[in-house]
Number of protein chains: 2
Amino acid sequence: MECREFQTQEHKKEMRAVQDSMDVLNGKWKIPVISSICYYNKRRFSDILNDVVGISNKMLSKELKELEINKLIKRTVLDTQPVTVQYELTEHGKTLQTIISNLTDWGIKHRKEIIGK
Amino acid sequence: MECREFQTQEHKKEMRAVQDSMDVLNGKWKIPVISSICYYNKRRFSDILNDVVGISNKMLSKELKELEINKLIKRTVLDTQPVTVQYELTEHGKTLQTIISNLTDWGIKHRKEIIGK
DNA sequence: CCGTATCCCCGGGGATACTG
DNA sequence: CAGTATCCCCGGGGATACGG
């Protein structure tokens, strides 16, 4: 792929678009949280808390809220006693899987590149 | 794409791989810096400083160092007076372009999704 | 169980000045 | 020009306790 396929005008718009994506994915926990929900399809708060090693409840709460605002996940309160809450990916959230897949592949390649072939 | 194509064992390895990628790309400035270098092919310190709006010299220095450690960019000191330094993407750095392209596309889609269709 | 509230600490990162 | 050094502030985020 050629760097120079960019046009000057386009370039700034593209940079902004990439940053938009990064804003959504940024932070230590976003990807692991998404990954946990995705893997189990539907997942409860306390289960994600266990899946994602090291995250605090405050952080998990915050991350989930942001992901919900960005319409990547859907939050459902189940009328049990005591209350349980399920999270799942939205259709839009599922479109992230291609990206996550790319990042996975690249991460593996990168690790080989750095540690040495 | 199916979430459930993951196997339990594989899942953790994949999560780690994604995190490896995110670590490399994380931070407010990594993508803009890469984007600047890529766009101009070769680029000097002070030029990048101008391209990436808002970055401080301390941060730029730090980000460039990290990118170099990760073998994404190549640093070349030119024997001019005064010294100038050029940065360019390595072959490995160029493999990021697919990812950046994906992130760009997704960012545009995402913006439409959030702001409303 | 699912969070929110409070306290508190540490380091990311800006502004500025200085060096080779 | 291309950084490094120093100072300093603010808020991200952990630990803990509490509320619905």
Side-chain angles (χ1 to χ4, degrees), chain A residues 19 22-38 40-90, chain B residues 19 22-90 93:
Chain A
Q19 283 311 111
M22 291 304 288
D23 286 347
V24 172
L25 264 30
N26 244 342
K28 199 174 171 184
W29 308 112
K30 292 279 165 51
I31 300 271
V33 167
I34 292 173
S35 193
S36 166
I37 297 171
C38 171
Y40 291 100
N41 215 354
K42 301 188 180 197
R43 202 67 175 153
R44 294 181 312 161
F45 187 88
S46 57
D47 291 329
I48 302 172
L49 204 55
N50 284 322
D51 292 340
V52 182
V53 181
I55 197 171
S56 66
N57 56 348
K58 190 173 87 174
M59 271 301 99
L60 179 54
S61 175
K62 188 187 140 218
E63 301 285 41
L64 286 169
K65 211 173 286 175
E66 289 176 19
L67 291 175
E68 200 190 354
I69 287 172
N70 280 310
K71 295 181 182 174
L72 298 178
I73 62 174
K74 183 167 172 287
R75 179 177 180 276
T76 313
V77 180
L78 300 181
D79 198 10
T80 54
Q81 191 55 268
V83 168
T84 59
V85 181
Q86 289 215 329
Y87 293 92
E88 57 193 308
L89 291 192
T90 61
Chain B
Q19 283 310 111
M22 291 304 288
D23 287 347
V24 172
L25 264 31
N26 244 343
K28 199 175 172 183
W29 308 111
K30 293 280 165 50
I31 300 270
V33 167
I34 292 172
S35 195
S36 167
I37 297 171
C38 171
Y39 181 63
Y40 291 100
N41 215 356
K42 302 186 181 204
R43 203 68 174 152
R44 295 180 312 161
F45 187 89
S46 57
D47 291 330
I48 302 172
L49 205 54
N50 284 322
D51 293 340
V52 182
V53 181
I55 196 170
S56 66
N57 55 350
K58 192 173 87 174
M59 270 301 99
L60 179 54
S61 175
K62 189 186 141 217
E63 301 285 41
L64 287 169
K65 212 171 287 174
E66 290 176 18
L67 291 174
E68 200 190 353
I69 287 172
N70 281 310
K71 295 181 180 172
L72 299 178
I73 62 174
K74 183 166 172 288
R75 180 177 178 275
T76 313
V77 180
L78 301 181
D79 198 10
T80 55
Q81 189 55 268
V83 167
T84 59
V85 180
Q86 289 214 330
Y87 293 92
E88 57 193 308
L89 290 192
T90 61

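Numbers restart at 1 for each chain; the letters A, B, ... are given by sequence-line order, proteins then strands. Here the structure is a predicted model, which is why all the values come from computation and not from measurement.
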Taking atom C1' of C/dG13 as reference, at what distance in whole Å does atom CD of B/Glu63 sit? 10 Å
Sorted by position of nearest nucleotide on DNA chain D, 5' first, the leading residue of A/Met59 and B/Arg75 is B/Arg75
Hey, does A/Lys28 reach any base, or is it just sugar-phosphate, or nothing, if we go heavy atoms under 4.0 Å? nothing
Let me know, please, whether A/Pro82 or A/Lys65 comes out on the 5' side of the other along DNA chain C by nearest nucleotide. A/Pro82
By nearest-heavy-atom nucleotide on DNA chain D, the more 5' of B/Phe45 and A/Asn57 is B/Phe45
Starting at CG of B/Leu49, measure out to CG of B/Leu60 and round the result to the nearest 0.5 Å. 5.5 Å
Figure out the NZ/P separation between B/Lys62 and C/dG11, and round it to whole Å. 13 Å
Here the distance between atom C1' of D/dA2 and atom CD1 of B/Ile55, to the nearest Å, is 14 Å
In whole Å, I'd like the distance from the CG atom of A/Asp47 to the P atom of C/dC1. 9 Å
Would a 4.5 Å heavy-atom cut-off, applied to side chains only, mark A/Tyr40 and A/Asp47 as touching? no
So B/Leu25 and A/Leu25, do their side chains get closer than 4.5 Å, heavy atoms only? no
Between C1' of D/dG20 and CG of A/Asp79, the distance in whole Å: 14 Å
Any heavy-atom pair between the side chains of A/Phe45 and A/Leu64 that's under 4.5 Å? yes
To the nearest Å, give me how far apart NZ (B/Lys30) and P (C/dG12) are. 12 Å
Would the distance check show the side chain of B/Ser36 and the main-chain N or O of B/Ile48 forming a donor-acceptor pair, the cut-off being under 3.5 Å? no
Answer yes or no: does a side-chain N or O of B/Ser46 lie under 4.0 Å from OP1 or OP2 of D/dA2? yes
Roughly how many Å is it from CD in A/Glu66 to C1' in C/dG3, rounded to a whole number? 16 Å
Output the rounded distance in Å from CG (B/Leu49) to P (D/dA2). 9 Å
Check this one for me: any side-chain N or O of A/Ser61 less than 4.0 Å away from OP1 or OP2 of C/dC2? no
Does the side chain of B/Thr84 get closer than 4.0 angstrom to OP1 or OP2 of D/dC1 through an N or O atom? no
Among the nucleotides D/dG3, D/dA17, C/dT6, whichever has the atom closest to the side chain of A/Lys58 is C/dT6
